[in-house]
Number of protein chains: 2
Amino acid sequence: MVAPADDAVFRPVRTGNPFEETVERLLQAIKLGVVMPGDRLPAERDLATRLNVSRVTLREAIHALTEAGYVESRRGRYGGTFVNERLPKPRRTAAKRIARELGDGLDDALILRDALETGAAEAAANRALSEAEEAHLERCLADTAAAKLTDYRRFDSRLHLAIAEVTGSASLTAATADVRMRLNELLDAIPLLERNIAHSNDQHAVIVAAILADDPEAARQAMQEHLSGTAVLLRGFLA
Amino acid sequence: MVAPADDAVFRPVRTGNPFEETVERLLQAIKLGVVMPGDRLPAERDLATRLNVSRVTLREAIHALTEAGYVESRRGRYGGTFVNERLPKPRRTAAKRIARELGDGLDDALILRDALETGAAEAAANRALSEAEEAHLERCLADTAAAKLTDYRRFDSRLHLAIAEVTGSASLTAATADVRMRLNELLDAIPLLERNIAHSNDQHAVIVAAILADDPEAARQAMQEHLSGTAVLLRGFLA
DNA sequence: GTCCAATGGTCTACCGACGACCCATTGACT
DNA sequence: AGTCAATGGGTCGTCGGTAGACCATTGGAC
């Protein structure tokens with residue numbers, strides 16, 4: 001007899017080839033605000049080492065992103081690959097089509113995100129943060145509050161990622177980044193309202209305040225509410 | 001400028017080759033109790049498809065596990081690859097050596113596990129479970145309570161995995177399986193005491209009861225306490 | 001003006017994983 | 001006793017990814 005959990009453990013060992021995975025990662029860096037427009041990516045040799053792919057593969061991925069309009073490369077010392085100031089607009093594919101593609105994946109991602117991000121908020125509040133970490137959190141919070149509508153998603157993502165990061169768990173941060181990317185496509189299909197943004201910013205402030213005040217329960221609670229808001233929005237919009 | 005979260009998003013795209021990953025997965029299935037001693041693994045062709053590796057690679061992995069004493073293969077119809085009744089003992093490497101190898105990885109894994117498993121308990125209690133799911137949970141609970149000392153870890157893992165599974169999130173289940181494997185090595189280095197097991201079983205019962213009673217808060221709380229117990233044990237033993 | 005270090009751009013030989021195919025074995029069913 | 005479907009066992013050509021070396025370009029330092 002094979003337990004029902006078998007499809008979790010017998011899932012594909014790799015999803016896609018190194019090239020595709022690398023493209024995905026670079027997109028993650030850009031779309032989640034890890035590298036901002038104008039920023040330079042690490043040098044090819046360094047980046048290839050960190051991603052554990054050959055330089056050839058990395059270059060192919062960069063080439064793909066160049067053609068898609070995300071980055072541009074310059075040669076010479078002090079050269080490098082830079083994120084474009086004007087990024088391609090996410091194509092507004094019909095939300096329902098995307099939803100159908102995701103299928104059960106939507107609930108899958110929402111449940112996972114809930115566990116990861118509420119857990120992150122609680123863990124972050126449980127830690128004694130360094131001054132640099134506190135400054136980074138507040139910086140991300142302020143940037144997000146000041147972000148233009150078209151940039152909002154990116155700054156929002158970076159803030160959430162920053163919260164995951166100050167837990168000190170690299171794995172948690174990585175998992176959070178992954179699940180956010182999965183939800184990105186759907187979120188892009190939903191119109192962003194000023195009203196929602198204002199509310200979102202208020203919640204962000206509460207979350208960060210609770211983390212800085214070392215209040216795990218409040219941090220978790222605030223994050224929970226924040227997430228349930230977008231979850232309801234998503235499910236409702238796609239219903 | 002590159003944000004501090006860069007090492008989460010620029011982490012290796014793949015850890016090890018397909019062969020190694022496949023071995024790791026099969027070990028996961030065995031050590032986490034997804035396939036029990038005497039059970040048959042899925043047929044090579046099926047399993048290769050599900051794992052998304054070539055049959056050649058899968059067979060090499062199986063061969064490795066055969067030599068390590070985990071499985072045995074029989075040919076012919078109604079043949080297959082079976083998990084041995086007597087599994088190899090985990091080698092009791094000095095705990096402190098392992099701890100040093102893991103390094104910050106211990107905290108990393110503990111924090112992630114906390115988020116995933118408390119989140120899973122809460123999510124499971126929030127769902128309306130089918131009769132089959134409820135039966136499976138109770139079955140795993142009873143099996144774990146009745147498990148011999150040498151089998152305890154396996155049944156314990158299967159129960160925790162079952163809780164993750166009834167959330168309905170495959171990703172959450174997969175992540176839980178992964179992080180448990182990472183902690184496995186360390187747990188194997190710690191002597192298992194009857195007293196600890198009894199306590200653990202009590203907590204398991206409380207957790208499952210809360211899930212079946214659709215009480216998310218209680219489920220989370222109980223899981224939190226359960227996990228913090230082993231976390232303290234781990235950190236203390238390796239201090 | 002010259003130098004040179006760091007960067008992107010290119011090529012080549014090699015290898016591991018893959019896919020597809022066929023063989024060998026087994027035991028339930030007829 | 002014969003059949004045959006399902007399974008493990010094995011082989012071969014192909015291709016994508018890798019490693020490593022080398023070339024081309026740029027702009028600051030001297």
Side-chain angles (χ1 to χ4, degrees), chain A residues 1-2 6 10-26 29-30 35 38-84, chain B residues 1-2 6 10-26 29-30 35 38-84:
Chain A
M1 165 246 158
V2 172
D6 60 351
F10 292 143
R11 70 188 187 280
V13 291
R14 23 201 55 176
T15 59
N17 50 40
F19 164 72
E20 288 167 357
E21 295 261 305
T22 305
V23 171
E24 218 42 52
R25 279 303 178 74
L26 298 181
I30 296 170
V35 286
D39 284 355
R40 205 195 74 171
L41 290 177
E44 288 181 357
R45 290 167 179 81
D46 291 355
L47 194 47
T49 303
R50 295 178 66 176
L51 293 175
N52 198 30
V53 294
S54 75
R55 214 184 131 206
V56 181
T57 303
L58 172 61
R59 297 191 79 264
E60 283 167 357
I62 289 176
H63 187 67
L65 291 190
T66 302
E67 292 205 323
Y70 285 97
V71 299
E72 249 168 359
S73 296
R74 291 200 293 274
R75 298 227 275 192
R77 192 174 185 176
Y78 309 101
T81 300
F82 298 81
V83 178
N84 287 340
Chain B
M1 163 251 159
V2 173
D6 60 349
F10 292 144
R11 71 188 187 279
V13 291
R14 25 201 55 176
T15 59
N17 50 41
F19 165 71
E20 288 167 357
E21 296 260 305
T22 305
V23 170
E24 219 41 54
R25 279 305 178 73
L26 298 182
I30 296 170
V35 287
D39 284 353
R40 205 195 74 171
L41 290 177
E44 287 181 357
R45 289 166 179 82
D46 291 355
L47 194 47
T49 303
R50 295 178 66 178
L51 294 174
N52 198 30
V53 294
S54 76
R55 215 185 129 207
V56 182
T57 303
L58 172 61
R59 298 191 77 257
E60 282 167 356
I62 289 177
H63 187 67
L65 291 190
T66 303
E67 292 204 322
Y70 285 96
V71 299
E72 248 169 359
S73 296
R74 290 200 293 273
R75 298 228 272 192
R77 193 174 186 176
Y78 310 100
T81 300
F82 298 81
V83 179
N84 286 340

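Order of the sequence lines sets the chain letters (A, B, ...), proteins ahead of strands, with each chain counted from 1.
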message = Any base atoms under 4.0 Å from B:Arg59, or only sugar-phosphate, or nothing? Heavy atoms, all strands.
response = base

request  = Indicate yes or no: at least one non-hydrogen side-chain atom of B:Phe82 is less than 4.5 angstrom from one of B:Glu72.
outcome  = no

message = Expressed as a whole number of angstroms, how long is the span from A:Arg75:CZ to C:dA6:C1'?
response = 13 Å

Enumerate the protein-to-nucleotides 11-17 of chain C contacts in which both atoms are nitrogen or oxygen and the separation is below 3.5 Å.
none

request  = Would you mind reporting whether A:Thr81 and A:Thr66 have side-chain heavy atoms less than 4.5 Å apart?
outcome  = no

request  = Flag this pair as yes if the NZ/CZ of A:Arg25 is under 6.0 angstrom from the six-membered ring centre of B:Phe10 and inside a 45 degree cone about the axis; otherwise no.
outcome  = no

message = Rounded at 0.5 Å granularity, tell me how far CD in A:Glu24 sits from CZ in A:Phe19.
response = 10.5 Å

message = As an exercise, state the distance from CG of B:Asn52 to CZ of B:Arg50, rounded to the nearest 0.5 Å.
response = 12.5 Å

message = Distance criterion of 3.5 Å, no angle test: do you see the side chain of B:Arg55 paired donor-to-acceptor with the base of D:dG9?
response = yes

query = Between A:Phe82 (CZ) and C:dT7 (P), how many Å, whole number?
reply = 10 Å

message = Determine whether a donor-acceptor pair (one donor, one acceptor, N or O, separation below 3.5 Å) exists between the side chain of A:Arg45 and the base of C:dG8.
response = yes

query = When the distance from CD of A:Glu44 to C1' of D:dT25 is rounded to whole Å, what number comes out?
reply = 13 Å

request  = Determine yes or no for a side-chain-to-main-chain donor-acceptor pair under 3.5 angstrom, with A:Asn84 supplying the side chain and A:Gly69 the backbone.
outcome  = yes

ask   = How close or far is atom P of D:dG17 from atom CG of A:Leu58, stated in whole angstroms?
value = 13 Å

Expected rows: protein N/O vs nucleotides 4-6 of chain D N/O, under 3.5 Å:
unit_1: D:dA5; atom_1: O4'; unit_2: B:Arg77; atom_2: NH1; d: 3.4
unit_1: D:dA6; atom_1: O4'; unit_2: B:Arg77; atom_2: NE; d: 3.3
unit_1: D:dA6; atom_1: N3; unit_2: B:Arg77; atom_2: N; d: 3.2

key: B:Asp46 CG to B:Leu51 CG distance, which is reported to the nearest 0.5 Å   = 10.5 Å

ask   = Can you tell me if B:Thr57 uses its side chain to pair, donor with acceptor, with the backbone of B:Val53 under 3.5 Å?
value = no

query = Would you say A:Arg14's side chain and B:Asn17's backbone share a donor-acceptor pair under 3.5 angstrom?
reply = no

Euclidean distance, atom CD of residue A:Glu21 to atom P of D:dT18 [Å, nearest integer] = 11 Å

